[in-house]
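The structure under discussion appears below in the form of structure tokens.
Per chain, numbering begins at 1; letters A, B, ... match sequence-line order.
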Amino acid sequence: MGADHHGPAKGLTRWLFTTNHKDIGSMYLWFSFAMFLLGGSFALVIRSELFQPGLQLVRPEFFNQMTTMHGLVMVFGAIMPAWVGLANWMVPLMIGAPDMALPRMNNWSFWILPFAFTMLSLTFFMDGGAPNFGWTFYAPLSTTYAPPSVTYFIFAVHLMGMSSIMGSINIIATIMNMRAPGMTYMKMPMFVWTWFITAFLLIAVMPVLAGAVTMMLFDIHFGTSFFSAAGGGDPVLFQHVFWFFGHPEVYIMILPAFGVVSEVLPTFSRKPLFGYSSMVYATASIAFLSFVVWAHHMYTVGMPIAGELFFMYATMLIAVPTGVKVFNWISTMFRGSMTFETPMLFAIAFIILFTIGGLSGVMLSLAPLDFQYQDTYFVVAHFHYVLVQGALFSIYCGVYYWLPKWTGHMYDETLAKTHFWMTFIGVNTAFFPMHFVGLAGMPRRIPDYSLQFADFNMLSSIGAFITGFSQLIFVVVLLKCIKGGKSATDQVWDGAQGLEWTVPSPAPYHTFTIPPQVR
Amino acid sequence: MLRAQHRRRLMAGAISMAALVLQPALALAEQVERSDTNMRVGATDVSHQVYDLHMFSLWICVAIGVIVFGVMFYSIFAHRKSRGAVAAHFHESTKLEIAWTIVPFVILIFMAVPATKTLTDMYDTRDAALDVQITGYQWKWKYSYPKEGVEYFSSLRTPRDEIDNLAPKGENYLLDVDEPLVIPAGKKVRFLVTAADVIHSWWMPDFAVKKDGIPGFINEAWANVPEPGIYRGQCTELCGKDHGFMPIVVRVLPEGEFNTWLASRKEEAVEERALMAQNFTMDQSMERGKGVYEKVCAACHQPNGEGIPGAFPALKGSAIAMGPMEGHIDIIVNGKAGTAMAAFGAQLSEVDLAAVIVYERNAWGNNVGDMLQPIDVANFKKGK
């Protein structure tokens, strides 16, 4: 390849000063996994307290800190950095670029994150404790009534936002400028397409989140009243601004998942992706619609009926492009020649469980029904189906798919399948019963519940523990695969197509220093 | 869906029979058809519409799921390499793709039409026979009947020991209040929902009513409950520490009984106002003040007056509780801007305000020893 003129630096400085997309991608992925374990341990505290009715382990004020930090760490610390990590590793390899377009900024956008999350985690040790107002931090609970740590939370959110915006600018610049000769937009792999669209979403909405927290900061410290009716402001304004960020945010977490699944299914079905161009258009439509549906999170705030109806119809429309994607995936599998390695298992589980989450989303979109679902465990079930069985499963799917390319070794298939099945059983035992308790009337974010919800809560907790401890299997698979194992071929999977499979396994430190020609 | 409707009618029939038999017994039946796995059918016409729409959309989703996953599982079974399947090469079909864009769209229209109708009904708050104002507080509800001059607080009745697992949990664990909201059966009641501190949400599943109480704004909802009974719900917007401990109970009375109840509450309100002129002794004030403190103040400042460090300041030995009377009255009546300390001047009567201030100044070793009468508090408020 003529790429071996210099390798990685030695020691700690390699990681501190690296501008290499593979190093930075790996750091993002390790960081996100660490945050996943941290956020998961918060979830286990929540599920332990909810194992039985009554207060056993924690007090309500600490319980609220757990739900808040679980949400924040999982969304901003685990899922989003994992996607940026995968983009860093794979986008240059998939478009035939030697590195990211802005390598120094790439280093900076990663290294902001450990500091942001260290600061956020240290709020546990402050007087009044960590943020306790839910990851949606509705004012005035998060302003007038918040613990002093809210200021550090605001700065942490600003840092995460800066990191995401820089990461996105980098991804857009890379995709627009560094594609190999011959790779037109409509020849780009789906993962690249979905990330391209996601990056635009991020640039559009992260500043809105920054605006929301800045207004909070001013309300708390500088005497403004953006969110206080007593001073002429409006607490509902906070929710509008937050969800204008928050709804696109959930697509930020799920669009790259669509990309991964669209890469993996054709490989293991040994058949090209069905309806490539309609997949691209569907992704773009979903991204567009995500900007005009935010108030479906706010059906109960007392909007005028015209507003309710607009947001209801707009939300229902999302089902159309999402349906197109699911049908296209199934048509990709149809009359293929399928094998079921671990990435394929995660991809198939993704389609089934994400679709369940999507269907409960259609039910939630209906405003009169939402009055019964809003802020109950039905919603908790819904968004965990799309974010755990959806986003997390597809991250695992991508990691197993590309792991042999990264390490040069095949992972232990038996152990990996055990990891898959344990996780599959765990998450469904944890989250499926939440539909039932939610419909039966259990509100979310409560540390204790009435007796009729006891059985299903116990079941959910058991599922959560199975899920949590099964992730240790993944640690073993990962370490074994890094240390050794059967050597991977360049193509790794016999059905795999694309530029990333033309470079050696493990991928050398520098790849595509001479651009490949795409026909 | 048909079966559900049939069952619902049977249940409704059984409930009205039971109501006939029990009348005029004071003990009202629990009007819950609680399912452990599904949405409640509820007690009102609107809640029945919502339930039917819920089941309708659920079955549509199940049908879509069965078809989509059916094709997928067939494919997983039939088109596997281990069975010798050879991959086809097709990768697009404009006709198919148009079809599966249009068909879901049509299905959505079938769901949107009844949803629009139900929503329109829910938003029609005209011509209510009675207005009830509901105000959320950390962590209790205030119910007031503005035209009648009656108002009172409603807070959790479940004993602390049951929550802390020191006593066996009762049947309505966490779903029981000291004073439920009372409304008449068979009348359209309009709920005016708001909040005094943070955002709360008033949810009564049996009426399919959930409205956020937002400080500074008033939201409207309504219910017309045909059957007398007791209905239970909970706050559904995270509102701080005791969000899980502010249930909602509504007692629906036959119209005659409701009117009697309202008349007696009006009388009590008049008697309460008469207490204003009375001079309380230290013991009387301490006793009343303790009751008020435990109901209103203890959630934050704790029963022992020690507060929660970093979150809620201690009153035991505090500069305000042991300082000049004027400052103490001011913080209780007007609250402290920018903090969780609410202005209790409008929440509590002068009698209760005076009593709780005396209590705070003389409990837990805060032996200030001075007295405060309701009339002093009234004068303080006028002086403002």
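- Contacts between A:Leu273 and chain B at a heavy-atom distance below 4.5 Å involve the backbone alone (N, CA, C, O).
- Ranking B:Lys169, B:Met111, B:Arg83 against chain A, the residue ahead of the rest is B:Lys169, based on heavy-atom pairs under 4.5 Å.
- For the pair B:His54/A:Leu439, a side-chain contact is recorded, criterion being any heavy-atom separation below 4.5 Å from C-beta on.
- With a 4.5 Å cut-off on non-hydrogen atoms, B:Phe105 touches chain A through its backbone and its side chain both.
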Mind running side-chain contact (heavy atoms from CB on, under 4.5 Å) on A:Gln372 and B:Tyr51 for me, showing each step along the way? CA-CA 9 Å; A:Gln372 295 285 50; B:Tyr51 177 82; over 6 Å; no
Go through B:Phe217 and A:Asp234 one step at a time and tell me if the side-chain contact (heavy atoms from CB on, under 4.5 Å) criterion holds. CA-CA 9 Å; B:Phe217 293 81; A:Asp234 182 352; 3.5 Å; yes
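- Looking at B:Asn219, the atoms closer than 4.5 Å to chain A (heavy atoms on both sides) all sit in the side chain, from C-beta outward.
- Highest contact tally toward chain A, considering only B:Ala87, B:Gly65, B:Pro205, is held by B:Ala87 [criterion: heavy-atom pairs under 4.5 Å].
- Neither the backbone nor the side chain of A:Ala282 comes within contact range of chain B, judged by heavy atoms closer than 4.5 Å.
- Residues of residues 313-320 of chain A lying within less than 4.5 angstrom of chain B, judged on heavy atoms, are A:Tyr313, A:Met316, A:Leu317, A:Ala319, A:Val320 in numerical order.
- A:Phe340 touches chain B through its side chain: at least one heavy atom from C-beta onward sits under 4.5 Å away, while N, CA, C and O do not.
- You'll find the side chain of A:Leu141 stays beyond 4.5 Å of the side chain of B:Ile199, heavy atoms only.
- For A:Asp455, no part sits under 4.5 Å from any heavy atom of chain B, backbone or side chain.
- Of the atoms belonging to A:Pro148, it is side-chain heavy atoms, and not backbone ones, that fall under 4.5 Å from chain B.
- For A:Ile348, the parts lying under 4.5 angstrom from a heavy atom of chain B are both the backbone and the side chain.
- Residue contact with chain A, scored on non-hydrogen atoms closer than 4.5 Å, involves the backbone and the side chain of B:Thr120 alike.
- Counting heavy atoms from C-beta on, the side chains of A:Phe371 and B:Leu119 come closer than 4.5 Å.
- The aromatic rings of B:His79 and A:Phe334 sit perpendicular, their planes meeting at an angle over 60°, well past the 30° parallel limit.
- Remark: side-chain polar atoms of B:Lys210 are paired, donor with acceptor, to backbone N or O of A:Gln374 under 3.5 angstrom.
- At a 4.5 Å heavy-atom cutoff, A:Asp219 makes no contact with chain B through either its backbone or its side chain.
- Contact check for A:Pro304 versus B:Tyr123: no side-chain heavy atoms found under the 4.5 Å cut-off.
- Looking at B:Gln138 and A:Tyr145, their side chains never bring a donor and an acceptor atom within 3.5 Å of each other.
- To the nearest 0.5 angstrom, A:Arg444 atom CZ is 10.5 Å from B:Thr236 atom OG1.
- Using a 4.5 Å heavy-atom threshold, the side chains of A:Thr300 and B:Trp203 count as separate.
- Heavy-atom distances place the side chain of B:Asn165, and not its backbone, under 4.5 Å from chain A.
- Scanning for salt bridge (charged side-chain N to carboxylate O under 4.0 Å, His left out) contacts around B:Asp161 gives an empty result, with sequence neighbours left out.
- In this structure, the portions of A:Val301 lying under 4.5 Å from any heavy atom of chain B include both its backbone and its side chain.
- With a threshold of 4.5 angstrom between heavy atoms, B:Leu108 approaches chain A through its backbone and through its side chain.
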Can you list the steps and then say if A:Leu369 with B:Val50 is a side-chain contact (heavy atoms from CB on, under 4.5 Å)? CA-CA 6 Å; A:Leu369 298 188; B:Val50 168; 3.8 Å; yes
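- Heavy atoms of B:Trp100 lying under 4.5 Å from chain A belong to its backbone as well as its side chain.
- Only the backbone of B:His89 has a heavy atom closer than 4.5 Å to any heavy atom of chain A.
- For B:Pro309, the part lying under 4.5 angstrom from a heavy atom of chain A is the backbone only.
- Within the 4.5 angstrom heavy-atom criterion, only side-chain atoms of A:Phe456, from C-beta onward, approach chain B.
- There is no contact between B:Thr158 and chain A, counting heavy-atom distances below 4.5 Å.
- For a residue to count as touching a neighbouring chain, one of its non-hydrogen atoms must lie under 4.5 Å from one of that chain's; by this rule B:Phe73 touches chain A with the side chain only.
- Annotation: cation-pi geometry satisfied between A:Lys271 and B:Phe90 (NZ/CZ under 6.0 angstrom from ring centroid, within 45° of ring axis).
- Salt-bridge check for B:Lys81 with A:Asp494: passed, with a basic side-chain N closer than 4.0 Å to an acidic carboxylate O.
- Atom CE of A:Met333 is separated from atom OH of B:Tyr74 by 13.0 Å, given to the nearest 0.5 angstrom.
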A:Thr355 and B:Phe69: side-chain contact (heavy atoms from CB on, under 4.5 Å), yes or no, with the steps? CA-CA 9 Å; A:Thr355 302; B:Phe69 300 148; 3.8 Å; yes
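- When each of B:Gly240, B:Gly244, B:Pro247 is scored by its heavy-atom pairs under 4.5 Å with chain A, the top score falls to B:Gly240.
- Heavy-atom distances place no part of A:Gln65 under 4.5 Å from chain B, backbone and side chain included.
- Both the backbone and the side chain of A:Ser331 come within less than 4.5 Å of a heavy atom of chain B.
- For the atom pair A:Met279 CE and B:Glu97 CD, the distance stands at 9.5 Å (nearest 0.5 Å).
- A:Gln52 does not touch chain B: none of its heavy atoms, backbone or side chain, sits under 4.5 Å away.
- Here CZ of A:Phe238 is found 13.0 Å from CD1 of B:Ile214. Values are rounded to the nearest 0.5 Å.
- At least one side-chain heavy atom of A:Asp448 sits under 4.5 Å from a side-chain heavy atom of B:Phe245.
- Annotation: side chain of A:Met338 is in contact with side chain of B:Ser75 (closest heavy-atom distance under 4.5 Å).
- The parts of B:Leu58 that come within reach of chain A are both its backbone and its side chain, each placing non-hydrogen atoms under 4.5 angstrom from that chain.
- Ranked by heavy-atom pairs under 4.5 Å with chain A, the first of B:Ile64, B:Ile76, B:Leu175, B:Val71 is B:Ile76.
- To the nearest 0.5 Å, atom NZ of residue B:Lys241 and atom CG of residue A:Asn64 are 10.0 Å apart.
- Looking at B:Val86, the atoms closer than 4.5 Å to chain A (heavy atoms on both sides) all sit in the backbone: N, CA, C or O.
- Neither the backbone nor the side chain of B:Ile109 comes within less than 4.5 Å of any heavy atom of chain A.
- Side chains of B:His243 and A:Ile446 form a contact here, defined as non-hydrogen atoms less than 4.5 Å apart.
- Between chain A and the options B:Pro104, B:Ala112, B:Gly213, heavy-atom pairs under 4.5 Å are most frequent for B:Ala112.
- How far CG of A:Leu55 is from CD of B:Glu162: 12.5 Å, rounded to the nearest 0.5 Å.
- Interface remark: B:Asp242 contributes side-chain atoms only to the contact with chain A (heavy atom separation under 4.5 Å).
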